[in-house]
Each structure stands twice: as C-alpha cells, then as structure tokens.
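Notes to accompany the following structure.
One-based numbering along the sequence shown.
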Amino acid sequence: MVGDAGAARKGRSHVSYDAGEDHRDLGRDLLHARDDGAASAPLPASIASALPVSALLASELRPYRDHVDADELRAAAARARLVGVGVDEVLVASGVLDDQTATRLLARDLGLAVAAPNLANLPNDAAVAEAVLRTGTLVIGTGSGRPRFVMAARGRIVLRLRRALKRDAGLASRVELISPAALARRVGAVCASSFAAAATGRLVLADPLKSASTLRPGRIVGLAAAAIGLPLALLLALAPEMGLLAVQAALSLVFLAWIALRFAGCIFVPPEEPLPLLDARSLPVYSLLVPLYDEAASVPWLVAALSALDYPPEKLDIKLVVEADDHATRAAITALELPPHMAEVVVAPVGPRTKPKALEAALPFVRGSIVAIYDAEDLPEPDQLRRVVAAFRAGGPKVGCVQARLCIDNGGDSWISAQFAAEYAGQFDVLLPALSALGLPIPLGGTSNHFRRRVLDQVGGWDPYNVTEDADLGIRLARAGWQTRVISSTTFEEAPVTRRAWIGQRTRWLKGWAQTLLVHGRRPRALVRDLGPAGTIALILLTAGPYAAALVHPLCLAFLVADIVRGVAGLPCTRMAEVVTSALTYATLVTGYAGAAATMTVGLGRRGIRPGWWTVASIPFYWLLLSVAAWRAVIELIRRPYHWQKTEHGAARRGGGGGLRSSASAPPRPRPEGAWS
C-alpha cells in the first residue's frame, strides 16, 4: 500500500510530504511495503513455501494458545485460511479477543514491549500522520542512525515482523507494539486539526479553478446578468416579438434535449450484471465512511444495518465520522458497543462545516483499497459490497467509481415523499443506468458511491466548499478519464416528509449544481477537451437543463394561464412569431410533464409498482415547488454560497413505499430486524 500511496499523496495534499516520505521509506526498510490490497490479502506463494504449513500455523497460533479455547483457536485458523487473513485478525473481528489483549499477547510472544497508548513522539503533521496510519508504523529518530519503531502489527505484517526480528537480533530493543485501534485514536487526538486543515486546502491549492472556494458567485451572476440581460433587454425593446421568440427557442432547445435524454433512458434496457463474488479470500479490504451530524437517533439502527452487510468483517473497515462538538451523536456512539471493525473518527471544527470536508478529513484513517460513502439513514442491500467488487473487476482498470441505485422507502408518508420517491426512481432506475452505458459523465448521488481509493487520491478527493460534492466529484472523475458504472444493487433511503424540509434540501442541491456548473464551465476549452463534445453537452443538459427549467417554469405556466384567462388559448395565431412561440411554450410544458411522468412510471415499474394517479397528476405542483427552491438557491448562491442546510432524518415511517424495496435485478431481501427499531 505504501508504494502506491506515496505517489497518490503527492497529488492530493498541499503540504510538504518530505517527512511523510522519509517515514515511509524507513518503515519499508524494516518490513517491506504493503500493497494496495491491504494487509489481509493472501500470503504470497514465496512466503507460504518458505515454511512448512504446520510451522507457519504454529507461529500464528502460539501467542494465543493459553488464552483461547482450543476449539475456538482451530476454528479461527480455518476461518483465516478461508478468508485469507491472519489468525489474529479473525480472533479480534469475532470478538474472541479485544484489540489490546491481542496486541499484548503478540508482544509477549515476540519478546517486544507494548507502547503506551498516549504516544508522546507523534508529530502534529498531517503528512507524517497519514504515513503512520497507512503503514501502521511510527518511526522515531534517535539521532544515532538507528531509529525506533512503534508498530500496529496485524495479519501478514506479523509474519514479516517475525522474519525481521530473526534477521536482526538487536531489532527487538527498538520495536514496540501498539494496537491498531489505539494508534488510530492517538493519531486522531493529536492530528485532528491538522487533518481538517489539510482537507480544507487540499483541492484549492492543488487546482484552484476546480474548487468552488475560488468562485465569486455574486460577481459571476452580476456579469452574467449584464452580458445577457442588457443585450436581451435591448433586443426586446427594439423587436419584442423576435426577442421573445429567440429566448423561447434557445430555452426550448435545452429543455427538449434534456427531455429527450429522459425518454431515451425509458427505452434503454440495462445489461446483465456479474454475479456477486462469493470467494471471500479474493475480496479486498473495504472501507465505509459514514458522515454523521446531529444523528443521535439514527445511530443504533445505522449500526445494525451496517452489521448486516454480507462481507467478511476481517476485511471490513467502517468509520463513523462525527464533528467534535456533536456531543449527542458522539454519546450515542459511545453508548453502543461497536463491533471491532467499526470506529469513530472525530473531525475538528476547522474550515467549512460541510459533509465533504468531514469526508476528506477522515480519508487518511481508512485502510481499504475501495472506499464507499453511506448516509445516516441508509439501508444498503446486504450483498452490495460484493456486487461492487464484481463490477470493478468486470469493468476493468478504467472504472474508478461504482454507483448503487438509491430508492426511497417511505414514499407513503406524505405527498412530497411520494413525489420524491417517484423522482428518485426515474433518476436512479432510468436515467443514470443509461448514462453509464453510454459512457457519459454522471453526477453522483450523495451516498452509496464506491471508489477506488487511489482514484480518490488522484482526483483530489472531495471539494469541502461544494454543497453537492457528489455531483462535482462525478464530473472530476469523468474529466480525469475515469468511468462510473451504475449497478442494480439498491440502498434504501428516507425522503423528507414535509414541504419545508424538502425545499431546504432541494435548495442546497440546486445551489450545489450551480456551483458545479460554474466551476467546470469557467474553462470551456479545457472542459470540452476533457469530456469531449458529447460529454460536455450531456453535462450541460444534466445540470443547466433542470436548473433553467425550474427557474422559468413559473413564467411559462403564467403565459399559459394568461392565455386561458384572456380566452386566446388555442385560437389561431395571426403572425408566425406567435405560432412558433406558442408552439414552443406548449410543447415544452407538455413534453416536460410527459417526460417526468414517463420516467417515474418506468422507474417505479422496474421496481414492480405503479404510481398513483394523483402522483402523476400533481407533477405541475411539484415543479412549482422546484421553482421555489431554484430561486432560493440563486439567492443563497450569492449571499451564503457555502452554507450547508442539514437534512432532518428520523421523521419517516421507513418502509412506507411498500414494493419500493425491491431491487431492479433481484427479489426483495429481508431487512435486519434491528434496523427498524
């Protein structure tokens, strides 16, 4: 892991990594480098053949024989061979031994000291701290050229340490062991502010024009209003009919192209997907980041839902990411006895208080070669991680991200949640699979996106200043040449149940889409070069199309209502300009409503349900709410562009959507009982 990580770190951090590189090199001299598959991959054939199997097993089992029942120890050895990890990793993951006890027993067997958990020699430097976490080794210079090492050794690293101790008789006096959990806690306690500061500035310093922090939204909106508004006002003053026709034609072209893309998704049939991988030994270490803020009520069933994932716990690394001052959520986590593969990561209040900043600050703590994001209310299907691994392997090395489908499971709670559920079905079961198959850029959903860790490092991670960090990251992945695949595995989510909560959430989303469009559109030539003409057009349609439609929809509706009130709707037009303008207005409205109805009907149909008549008939009212959110987003973009309006969770009756729980490619799977408490 260290070999690949060094190059990746240079691309993703703005601080000097000289200290981190030196630290890495010294650790490599001691135990060689880890590889990207992480510490729980199968032992190489060269090592396995160096010792008889019985001797190899004996050395692994010896530290624990006096403290673990013989039957449990034999079962752990069999499990270790099956999964491709160390016996110690099995004992800890199963709860037979706690992390600290396993470290103490191993240290005694190796003749090593156990380091104090408060590690006084840990420097408060983000680069060195990340190197420590990635290698599991703290290198302490002594001034004599013979450094000391504090190591969090597990699995195959223990074997390498044994070999190193045999080669160098004096090494034992310079090595201390510490449990991996204790090392992570100490690094988090000492370096939380450094990690948060590095996360805040990483992207903006690496590539300022790809960060929303360098936007001046008020100035951009003012310049755009002057550049477009003044010529338009002059045109309308000199030639009102032609000016109105030109505006209507330009907007209609964008809307109709966007609608055509949605209709294309309705007739697209998703291809067959590879079956989930069942061979536990070939599975990589998998990390999950779950950002939480003011989510104390969600913690118990969140932990239950994540515990139900069908993935070897020895290869699962789950981080609950919390803000330092979110005392209620932290207390809820403390009140639970988290499984050994789950841990809390505390984010310091440095920089913007946003989800992407928290994710970026927590990224150094993950150890998996694949990293996934889940939200507090998420209920992923149990085999989702295995399906993602299969998708990565089937897609090849150019696939950098896999997006699972999101589904609302409380659609029966209210009218707004029913509309939201239908909209999500159209987005994730109709539109995104078609975009994925066509190789077009995909604005990711905010959750259940799964990344290759090295790809995240390469593209600079998340932008802490973009309030739809998912959409922005999806575009940056596409610009860097990485492909995104959409799979049929489902994550069930909770929709807002009140119009007020929905408008707040949608305002943030639309503001973030505007940020993303402005960030990537300020260098048009570079954008076209990176995405190609088709990708650039798709990006404009996916971001500018819905936004512009939401902004002007009330005006189009007002024109229609005015014609009806004046009694001229449907009457013959006397001038060609009127004919074209009326035709475009009516066509855009009718096809817009029809496109929305078609995608929601097809999307829900792929989940085996039929939308209610009122859900379809009330689409115009839902669009008016979208317009309210869009105009609020414009105001917020100018007044407080980085404000993150938190979506309230826990108000829904989960499961109200009935058949919505069915995956598009598989029958409904049972939900963990604890997830619904």
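- Pairing each heavy atom of Gln505 with each of Pro496, the nearest pair is OE1-CG, 3.7 Å.
- Residues that satisfy the side-chain hydrogen bond (donor to acceptor under 3.5 Å, both in side chains) test with Asp294, not counting sequence neighbours, are absent from this structure.
- At least one donor-acceptor pair closer than 3.5 Å links the side chain of Glu89 to the backbone N or O of Gly86.
- Take Phe451 and apply the ring-ring contact (aromatic ring centres under 6.0 Å, His included) test, not counting sequence neighbours, and it matches no residue.
- Using modelled atom types, one finds no donor on one side chain facing an acceptor on the other under 3.5 Å when comparing Glu377 with Ser298.
- By the side-chain contact (heavy atoms from CB on, under 4.5 Å) test, Asp88 pairs with Tyr64, Arg154, Val158, sequence neighbours left out.
- Side-chain contact between Ile333 and Leu292 is present, with at least one heavy-atom pair separated by less than 4.5 Å.
- Side-chain atoms of Asp378 come within 3.5 Å of backbone atoms of Asp375 as a donor-acceptor pair (strictly under, hydrogens ignored).
- Note: Gln419 CD to Met600 CE = 5.0 Å, rounded to the nearest 0.5 Å.
- Shown here is Arg499, whose CZ atom has no more than 12 heavy atoms of other residues, nucleotides or ligands within 6.0 Å.
- Taking all atoms of both residues into account, the shortest heavy-atom contact from Pro312 to Leu283 is CD-CD1, 3.6 Å.
- At least one side-chain heavy atom of Val388 sits under 4.5 Å from a side-chain heavy atom of Tyr286.
- Among Leu542, Thr599, Ile442, the single residue meeting the side chain to side chain contact (heavy atoms under 4.5 Å, CB included) criterion with Leu431 is Leu542.
- Thr490 places no side-chain N or O within donor-acceptor distance of the main-chain N or O of Leu406, the cut-off being under 3.5 Å.
- With sequence neighbours left out, the side-chain contact (heavy atoms from CB on, under 4.5 Å) criterion links Ala324 to Val346, Pro349.
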- Task: May I have the step-by-step check of salt bridge (charged side-chain N to carboxylate O under 4.0 Å, His left out) for Arg506 and Glu423, ending in yes or no?
- Result: CA-CA 12 Å; Arg506 194 55 59 98; Glu423 183 185 24; 2.9 Å; yes
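- For the atom pair Asp470 CG and Asp463 CG, the distance stands at 11.5 Å (nearest 0.5 Å).
- For the atom pair CG (Asp409) and CZ (Phe492), the distance works out to 7.0 Å, reported to the nearest 0.5 Å.
- Side-chain contact check for Asn466 versus Pro356: every heavy-atom pair is 4.5 Å or farther apart.
- A donor-acceptor pair under 3.5 Å links the side-chain atoms of Arg476 to the main chain of Val459, judged by distance alone.
- Using a 4.5 Å heavy-atom cutoff, the side chains of Val347 and Phe195 are not in contact.
- Qualifying ring-ring contact (aromatic ring centres under 6.0 Å, His included) partners for Tyr424, counting only residues two or more places apart in sequence or in other chains: Phe420, Phe428.
- Atom CG in Asp413 sits 11.0 Å away from atom OG1 in Thr498 (nearest 0.5 Å).
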- Item | Audit row: Arg79, Glu314, salt bridge (charged side-chain N to carboxylate O under 4.0 Å, His left out) steps and yes/no | CA-CA 10 Å; Arg79 170 73 178 175; Glu314 299 89 351; 3.0 Å; yes
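- Considering only residues two or more places apart in sequence or on other chains, Asp98 meets the salt bridge (Lys or Arg N to Asp or Glu O under 4.0 Å) condition with none of them.
- Here the side chain of Arg485 pairs no donor or acceptor atom with the backbone of Cys401 at under 3.5 angstrom.
- For the pair Arg353 and Trp644, the NZ or CZ position fails the cation-pi test of under 6.0 Å to the six-membered ring centre and within 45 degrees of the ring normal.
- For the residue pair Gln384 / Thr491, a side-chain donor-acceptor distance below 3.5 Å is found, with atom types taken as modelled.
- Side chains of Ser179 and Thr103: a donor-acceptor N/O pair is absent below 3.5 angstrom, by distance only.
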- Task: Could you walk me through whether Ser488 and Glu273 pass side-chain hydrogen bond (donor to acceptor under 3.5 Å, both in side chains), step by step?
- Result: CA-CA 8 Å; Ser488 61; Glu273 295 178 5; 3.2 Å; yes
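- Side-chain N/O atoms of Gln403 and His450 include no donor and acceptor closer than 3.5 Å.
- Remark: the backbone N or O of Pro364 is not paired with any side-chain donor or acceptor of Arg134 at under 3.5 angstrom.
- A donor-acceptor distance shorter than 3.5 angstrom exists from the side chain of Arg606 to the backbone of Asp429, with no hydrogens or angles considered.
- Side-chain contact between Ile370 and Arg453 is absent, with no heavy atoms from C-beta onward closer than 4.5 Å.
- Side-chain contact check for Val87 versus Val90: every heavy-atom pair is 4.5 Å or farther apart.
- Expressed to the nearest 0.5 Å, how far CD of Glu60 lies from CG of Leu73 amounts to 10.0 Å.
- In this structure, the side-chain contact (heavy atoms from CB on, under 4.5 Å) partners of Thr507, at least two apart in sequence or on a different chain, are Ile503, Ala629, Arg632, Ala633, Glu636.
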Exercise answer: donor-acceptor pairs, residues 302-311 side-chain atoms, under 3.5 Å, sequence neighbours excluded:
unit_1	atom_1	unit_2	atom_2	d
Ser307	OG	Val303	O	2.7
Asp310	OD2	Arg386	NE	3.4
Tyr311	OH	Pro284	O	2.5

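- When all heavy atoms of Lys315 and Ala280 are compared, the closest pair comes out as NZ-O, 2.9 Å.
- Annotation: the span from Met151 atom CE to Leu183 atom CG amounts to 10.5 Å, rounded to 0.5 Å.
- Side-chain contact between Tyr622 and Ile416: present, with at least one pair of heavy atoms (C-beta onward) separated by less than 4.5 Å.
- By the side-chain hydrogen bond (donor to acceptor under 3.5 Å, both in side chains) test, Asp71 is found to be paired with Arg74, residues two or more places apart in sequence or in another chain being considered.
- In this structure a side-chain-to-backbone donor-acceptor pair under 3.5 Å is missing from Asn449 to Leu444.
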- Task: Could you check Asp383 against Arg387 for salt bridge (charged side-chain N to carboxylate O under 4.0 Å, His left out), going step by step and ending with a plain yes or no?
- Result: CA-CA 6 Å; Asp383 67 348; Arg387 286 183 175 272; 3.0 Å; yes
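- Side chains of Cys407 and Arg607 form a contact here, defined as non-hydrogen atoms less than 4.5 Å apart.
- With sequence neighbours excluded, no residue forms a ring-ring contact (aromatic ring centres under 6.0 Å, His included) with Phe392.
- The two residues Thr447 and Tyr374 have their closest heavy-atom pair at OG1-CA, 3.3 Å.
- Scanning for side-chain contact (heavy atoms from CB on, under 4.5 Å) contacts around Ala471 gives Pro443, Thr468, Trp513, Thr516, with sequence neighbours left out.
- Between the Thr101 side chain and the Leu97 main chain, no donor and acceptor come within less than 3.5 Å of each other.
- Qualifying ring-ring contact (aromatic ring centres under 6.0 Å, His included) partners for Phe268, counting only residues two or more places apart in sequence or in other chains: none.
- No donor-acceptor pair closer than 3.5 Å links the side chain of Arg610 to the backbone N or O of Gly605.
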